[in-house]
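Letters A, B, ... mirror the listed sequences (proteins, then strands); counts begin at 1.
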Amino acid sequence: MGAQQTGLLRKPWFQLTLALVVVAALVVAPLLLPIPVNQTLARIGVFAVAVLGLNVIMGYTGQVSLGQIFFLGLGAYVTAYGVNSGWNIVLVFVATVLICGVAGLVVALAAARLGGLAIAMVTIALPIIGVPLAKRLSEFTGGSQGTSARFTSAPDWSGLADDQWQYYLVLAIGGVTFLLVHNLVRGKYGRAFRIVKENEAVAGAMGISPYRYKVLAFTIASMVGGVSGFLYMVVVQYTSPETLAFHHSISLLASMVVGGAGSIIGSLLGGVYYVLVPNFTNEVAPTLTSLIQGAILLLVLFVLPGGIASLPRALRRWTRRSGSTSTPGSTSTPGSTPTPGSTPAPAPGAPSEKEVSP
Amino acid sequence: MLEITDLTAHYGPVQVLHGVSLTVPEQGAVGILGANGAGKTTTLRAISGAVRAAGSIRFEGRDIRGRKPHEVAALGIAHVPEGRGTLGNLTVKENLHVGAYLRKDRAGIQADIEHLLQLFPNLQERYTANASALSGGEQQMLAVGRAYMARPKLLLLDEASLGLAPSTAKTVYDAIRVLREETGVAMLLVEQNANLAFTIVDTATVLETGRSVLSGTSAELKGRDEIRKAYLGGS
Amino acid sequence: MGTLLQLVVDGLALGSVYGAIALAIVLVNQSTGMINFAQGGMAVLSAYLAFTFLGLGVPLILAIVLSVAASFVLGAVIERFIMRRFMGGAEDTQVVVTVGLLTLLTGICGWLWSYNNLQFPSLFPSSAFTVLGAAISWRSFGTFLVIAGIMVLLQLLFQRTKLGLALRAVADNRQSASFAGLPVGRLLMVGWGLAAALGAVAGALVAPRLSLTPGMLDTTLVYALAAVILGGITSPVGVVVAAWLIGVLENLAAVYVPIIGHDLKIAVPFILLFVVLLLRPQGLFGRKTVVRV
Amino acid sequence: LSGCGRSDGGGGGGEGSEGVSASPGITDETLTLGVTTPLSGGTAGPGTCTVAGLAAYMGAANEAGGIEFGDGKTRTVEIEAFDDTYDPQKALSNFQQNNGNVFAFTSGLGTPTNRAYREAAIDSEVPQVLVQTGDPIFSDREESPWQLGFVPIYQNEGEAFGELLAGTDEDLTVAILSQNDDYGEGYVEGFKEAIAGSENIEVVSELTYEATDTSVDAQLTELAGSEADVFFNAMSITPLVISAIEKSRELGWSPSWFLPSNTSSPVAILDPAGADAEDGFYSVSFAKAPQSPAYAEDEDVVAFLENLEQYAAEYTTTPDFPHCMWSYMVGATLEEAFTTMTEPTRENFMEALRSIEDLQAPLMLEGTSVNTTEDGQPAVSTVVVQKYNGAGYETAESFE
Amino acid sequence: MAARLTLTDVNLRFGGVTVLKDVGFAVEPGTVLGLVGPNGAGKTSLFNCISGHYRPSSGSIRIDDAEISQTRPAGMSRHGLARTFQHPALQLESTVLDNVLLGGHTRLPGGPAQWALRLPPMVRSERALRAEALGRLDELGLGWAAHRGADELSHGLHKGVELCRALMARPQVLLLDEPAAGLSHGEVDSFIQTIHGLKAAGEITLVIVEHHMGVISALADRVVVLDHGSKLMEGTAAEAQSDPRVIEAYLGKDGKDSDGGAGDDAA
Ligand SMILES: Nc1ncnc2c1ncn2[C@@H]1O[C@H](COP(=O)(O)OP(=O)(O)OP(=O)(O)O)[C@@H](O)[C@H]1O
Ligand SMILES: Nc1ncnc2c1ncn2[C@@H]1O[C@H](COP(=O)(O)OP(=O)(O)OP(=O)(O)O)[C@@H](O)[C@H]1O
Ligand SMILES: [Mg+2]
Ligand SMILES: [Mg+2]
């Protein structure tokens with residue numbers, strides 16, 4: 001059953017139809033749903049974009065970044081500053097993305113020389129230093145009292161309510177961001193990012209400079225982070241130093257992995273996780289949120305170490321395995337985890353056996 | 001000593017062994033031949049418990065299928081894995097001591113290490129270097145050396161001559177032969193360099209897509225045309 | 001001059017706190033190859049355990065010993081039933097699992113012992129003595145000594161003992177280690193157990209100073225990680241020295257470098273880290289690992 | 001729950017043309033209050049207290065049959081707490097998710113978190129009252145029509161100390177250590193304003209620290225160098241205050257201490273730090289300290305502790321932070337407003353809340369009271385300066 | 001004819017260890033150089049120097065007229081250089097096809113913005129590269145594996161995929177590090193055919209490190225023997241195999257014996 005489903009999933013016409021249905025549903029939904037739901041959906045969009053940015057640098061390029069929240073925060077501050085200074089909103093958006101991009105570039109030029117954990121430690125410094133810095137630069141940031149910018153009340157011509165308008169803004173901007181990143185990681189650059197993640201020496205031999213591609217990925221991630229900051233202001237309309245506290249970076253990281261590292265759908269699921277789990281735990285027991293959230297995180301990963309996005313793959317493997325007759329086989333030592341991968345032909349064979357070539 | 005019957009194994013959903021049977025007699029040396037992807041490595045890994053398998057694997061009369069690799073090792077089976085099995089962040093010296101982990105005789109360990117270093121002068125030179133700095137061939141020597149340090153009863157060699165210079169390969173095989181004579185260790189070896197393999201094995205089994213399709217003594221096999229063509233290069 | 005010396009002394013005391021957690025992180029890393037973000041959380045839990053034993057009327061030193069023992073078991077159990085599942089998987093996932101563990105442990109501590117500040121008694125007298133005009137509290141001095149002692153022990157463990165060698169071998173390549181007969185699973189548990197026990201000592205040492213709360217070591221963890229990277233993750237001595245260095249330099253920078261000041265002093269370890277790593281990617285004392293192609 | 005169909009923009013719920021139809025969150029039997037506050041994370045200690053006291057108060061009121069409202073109906077009051085982990089975004093989310101079934105938000109801790117949903121609360125006309133932040137904006141009626149702060153604005157507390165000092169004739173030097181945020185800044189600002197005209201008071205050293213710091217030893221070492229007579233301390237982190245007291249003793253510096261209201265508890269801070277009453281520890285307060293032996297027999301305190309035990313056990317039973325007492329007073333203040341509101345609407349509630357004068361809420365110190373009629377001031381704007389006597393605090397008339 | 005790849009006096013030291021000492025040779029365009037020597041002689045290190053993964057302590061390395069000894073690996077493709085690795089270094093989580101496509105990275109046009117927008121030229125070039133990669137895989141008999149995960153292939157097959165990946169760069173100079181290690185005899189034969197085919201198809205210059213003397217004699221126009229980091233001799237395969245120094249240092253006393261490397265009659 002699982003296999004048939006996924007077979008269907010691969011067909012282009014099916015994918016297209018599915019995509020259209022999803023888009024249509026997303027467009028119509030806010031007109032029907034209650035306000036809090038729309039607000040939640042919009043917030044999911046914000047953090048999905050933030051997770052997406054993290055995925056670019058970490059999920060795809062393998063550079064552990066604990067600084068992604070800094071770019072969300074920076075983006076939010078730039079947006080707030082621009083709006084409060086009365087700039088045109090398009091200009092605000094462009095400035096937000098550019099400033100975050102430039103900041104990311106500068107950081108990356110230095111940080112990308114490091115690898116592995118070292119880069120994690122250097123990037124974690126961004127939010128950690130960012131918080132006191134934001135307080136110190138209070139002329140721009142409003143200091144520890146934060147700053148609010150309200151520019152997303154629905155215009156009269158639209159006939160929409162604020163929550164709907166904000167939702168559509170997030171949908172449009174976030175959707176385009178997702179599409180662009182999706183395109184980027186499919187072809188030339190996606191492959192390059194992945195090999196930089198896996199083996200820098202090989203990347204070099206393929207004409208891919210690990211350093212330059214890390215800088216590139218970091219810059220793109222920062223720009224996407226900037227977009228998420230802009231969207232944060234669309235939805236939250238207020239920012240303070242707490243926005244970029246480093247433990248949010250860690251939550252983003254957790255959301256990315258729970259959603260599925262190196263996966264576009266995973267980013268979206270990561271956003272869902274980021275927003276809904278606290279809502280859920282608040283419903284269950286507000287005094288035990290930390291405990292429950294930790295348990296949920298462990299539980300999800302225990303069941304799906306590859307993140308929620310790996311569910312179809314896991315299902316496929318599971319159905320296949322229960323279909324096969326002999327002992328379920330898998331490596332027993334922790335050392336080797338065979339990744340399932342897609343295997344069209346039933347039996348592997350040596351190349352000398354021509355019968356296996358399709 | 002080792003008796004395998006009807007071994008099957010999967011990687012995830014894919015079955016790669018479809019019934020492998022072979023026997024290694026006490027103090028015997030058996031070779032496994034086969035094309036790339038035939039399942040040679042998988043067979044050895046199944047014996048050491050690194051891959052779960054169905055069928056029967058008996059060692060010295062005991063069923064060892066399903067045991068953990070370290071339990072299998074504790075029974076006296078040492079495995080030289082395919083590719084870089086060395087512990088990269090440990091020095092050559094430390095790698096050898098890890099090999100001797102289950103042994104208690106300090107003096108014997110020291111003597112064996114000295115013996116090995118004589119055998120492989122390269123390792124002598126790089127004795128305190130991290131294994132990851134070694135050349136491909138040197139790492140292979142180290143892997144063989146580490147298995148040797150365990151003083152096993154049965155040695156599983158997966159392409160032990162891979163990447164070794166011809167003279168070194170011969171040294172290794174000479175050493176293995178000496179080891180066998182001295183200690184009576186039995187061995188099961190996978191070797192693409194069949195010419196080299198036949199200098200040491202008594203019998204061999206040919207695998208094709210996960211099945212044993214042929215076995216016989218070295219002499220018999222060497223005499224068969226298809227074997228010569230595919231594995232020996234003799235015309 | 002007096003102030004300078006005092007700042008150095010303060011820095012060493014603070015650095016010892018960072019060093020304590022850093023050592024536990026090194027221990028886990030050297031024996032399982034992971035970075036454990038939950039190390040601080042585990043140490044806090046251990047401190048709560050000791051606190052609970054105290055509440056039952058057990059003398060302080062015995063309470064600490066009991067909590068160390070319990071923590072060893074707890075660490076081993078966590079490895080076996082949680083971390084084991086993720087061995088050999090993606091590193092990102094492993095890190096996030098430890099993050100999840102941290103969240104869970106913090107939640108458990110908050111639930112069982114509340115978020116209030118609990119007063120944990122110190123092993124050492126709360127008085128101070130003066131050397132060259134610098135006041136040194138017995139508590140800081142004691143912590144300093146214990147950490148230095150553990151550092152030496154760990155260095156010896158890894159470099160001189162068979163257990164240490166086995167732990168490192170398992171962290172390096174589990175498959176090969178198991179082929180050599182190393183009981184991989186058990187060694188992994190021992191690695192986590194030891195780290196948790198060490199964390200328990202650390203927790204008991206720093207709890208009187210930071211006062212016991214579920215998030216007591218959250219900030220410390222960041223510093224400890226910085227020390228781990230700065231010192232070189234393979235070297236217990238390096239890590240502790242780096243922790244002391246961070247403690248001292250951050251104090252000095254806060255007072256003597258106006259643009260940094262007390263509010264931005266947290267930038268100091270990172271600037272230091274960055275500069276050092278550019279010159280020595282393996283950290284101050286770490287062994288260079290060769291990446292060969 | 002309240003109409004799921006689309007309504008444009010704000011409010012939700014049934015407030016509308018008829019005027020008297022009830023606001024969301026209130027029925028003839030119950031009224032629901034929302035508290036968004038940190039219940040996990042670094043500020044969970046005081047955060048938990050902001051619910052605990054309120055839960056204790058309302059629990060007792062409900063147990064006694066409920067509160068009789070000004071419209072003649074008797075209602076029980078339910079408290080819904082939401083954890084925002086001190087994250088502004090989550091505070092807003094909690095507000096948005098729940099403003100449809102919560103009558104008013106109250107008692108929550110934190111400046112950024114309260115600010116994050118302030119404007120949304122104004123837009124949707126939901127009361128956000130008696131919140132526990134000293135940020136003055138919440139008491140500015142022009143800017144914050146649906147808000148009201150509870151605790152004195154930070155400036156007020158600082159000012160009280162400043163006035164105490166300004167009242168002496170001695171020449172005194174002052175060292176200042178403050179938290180690097182609006183809390184510390186407001187505190188210092190109030191203090192400095194009060195001493196501005198006094199020639200005899202001189203600030204000789206002034207430093208800050210971060211709320212996330214693990215140590216203030218370096219600051220103490222630097223401040224001790226100034227050998228100031230008075231140490232004005234605007235810290236809100238318990239362990240850091242303890243270690244500051246210890247450190248200054250180690251360094252042989254024994255100034256007089258000014259401690260803020262939220263970090264001066266004898267049991268939680270002064271005892272563990274081994275504070276010597278001889279040094280002179282001053283604090284400001286408007287709440288009785290339940291752990292202080294002086295109040296062991298006090299009626300309010302006894303009732304408070306009992307109620308806490310009985311109705312707030314899921315939050316905390318040990319009032320280590322003054323926020324527990326404050327939220328208890330919030331409960332009393334709300335009750336006062338409820339008894340005078342004549343319509344079950346939020347507007348009417350705001351009106352009632354804004355007309356409380358000189359309410360002596362339980363646990364309040366003599367000389368302080370709840371007063372909600374003055375623009376620009378929170379519900380409590382007076383504090384009493386107290387001095388530590390080795391066991392508890394007693395009111396201090398002057399600085400000595 | 002000018003040499004395509006020229007090394008002069010290349011030295012490489014790591015701390016106290018000298019890995020390469022004054023190594024120099026030249027490779028003519030379109031020819032195959034066999035690089036042999038005992039384990040640890042420095043063959044792979046020499047490759048690493050040429051491909052930029054190691055920076056020689058001194059000496060010069062040129063491709064045509066360009067000095068490349070200070071160029072980083074990523075810059076080498078501009079000089080038409082590609083290589084394989086002694087220990088196959090594939091991206092195990094991707095498919096075989098994706099691995100092979102990676103080899104053509106530098107041949108794809110456009111920057112990140114163009115790719116993010118999926119402009120038609122990008123789509124076309126990707127499609128063309130894909131077709132080419134599938135063709136290549138078919139040629140090497142690996143077409144059946146194109147959509148498999150790389151981790152599903154055995155060690156020997158990884159070697160083939162690596163070769164395919166290197167070829168996708170359409171290199172002028174190709175460095176192969178023990179391409180036949182771990183191949184059975186029949187597979188070695190087909191590997192030799194593949195290289196012959198390459199040579200016939202166009203001007204590609206090859207340097208091959210191999211312990212398999214059969215491969216060397218079948219393919220190498222010239223042979224350089226390294227020992228302890230220095231060049232021991234240079235000549236034809238036959239000369240090398242009969243050189244007493246080479247026999248002593250490398251092949252072993254009875255080096256001509258067939259067991260040294262599956263016979264020398266493979267051609
Ligand atoms: N992790 C894995 N996941 C899926 N399939 C695998 C995995 N490892 C090996 N295989 C497949 O199992 C089969 C047997 O592989 P094995 O490594 O045993 O071959 P081999 O005979 O040792 O080959 P070689 O001579 O190339 O080393 C091959 O077809 C291979 O593609
Ligand atoms: N990065 C490094 N650090 C330290 N030593 C190194 C490094 N790279 C190579 N070496 C040393 O240089 C010597 C030559 O290694 P190289 O890999 O070039 O040998 P090789 O000729 O390819 O041998 P093989 O045939 O075994 O692959 C070895 O002794 C190796 O230990
Ligand atoms: Mg194999
Ligand atoms: Mg080599």
**Request:** Check whether E:Ser94 gets within reach of chain A through its side chain, its backbone, both or neither, counting any heavy atom under 4.5 Å.
**Result:** side chain
**Prompt:** Is it the side chain or the backbone of E:Pro109 that comes within 4.5 Å of chain A heavy atoms, both, or neither?
**Reply:** backbone
**Request:** Please tell me if the side chains of A:Val202 and E:Arg165 come closer than 4.5 Å, counting only heavy atoms from C-beta onward.
**Result:** yes
**Request:** Decide yes or no for E:Arg118 and A:Leu179: does some side-chain heavy atom of the first lie under 4.5 Å from some side-chain heavy atom of the second?
**Result:** no
**Request:** Look only at the side chain of E:His53 and the backbone of A:Ala201, and say whether a donor-acceptor pair between them is shorter than 3.5 Å.
**Result:** yes
**Complete:** Honestly, the part of E:Arg72 sitting under 4.5 Å from a heavy atom of chain A is neither
**Asked** If you count heavy-atom pairs under 4.5 Å between each of A:His182, A:Arg212, A:Lys188 and chain E, which one has the most?
**Response** A:Lys188
**Request:** Answer with side chain, backbone, both or neither: which region of E:Ala89 has an atom nearer than 4.5 Å to a non-hydrogen atom of chain A?
**Result:** both
**Prompt:** Charged N to carboxylate O under 4.0 angstrom, A:Lys197 versus E:Glu93?
**Reply:** no
**Interface moiety of E:Leu101 toward chain A, non-hydrogen atoms closer than 4.5 Å** = both
**Prompt:** Is chain A contacted by the side chain of E:Glu126, its backbone, both, or neither, given a heavy-atom distance below 4.5 Å?
**Reply:** side chain
**Asked** How long is the span from the CE atom in E:Met76 to the CE atom in A:Met206, to the nearest 0.5 Å?
**Response** 13.5 Å
**Request:** Check each atom of A:Tyr213 against the heavy atoms of chain E and say whether the ones under 4.5 Å are side chain, backbone, both or neither.
**Result:** side chain
**Request:** Could you check E:Leu102 against A:Arg194 for side chain to side chain contact (heavy atoms under 4.5 Å, CB included), going step by step and ending with a plain yes or no?
**Result:** CA-CA 10 Å; E:Leu102 192 61; A:Arg194 271 195 297 270; over 6 Å; no
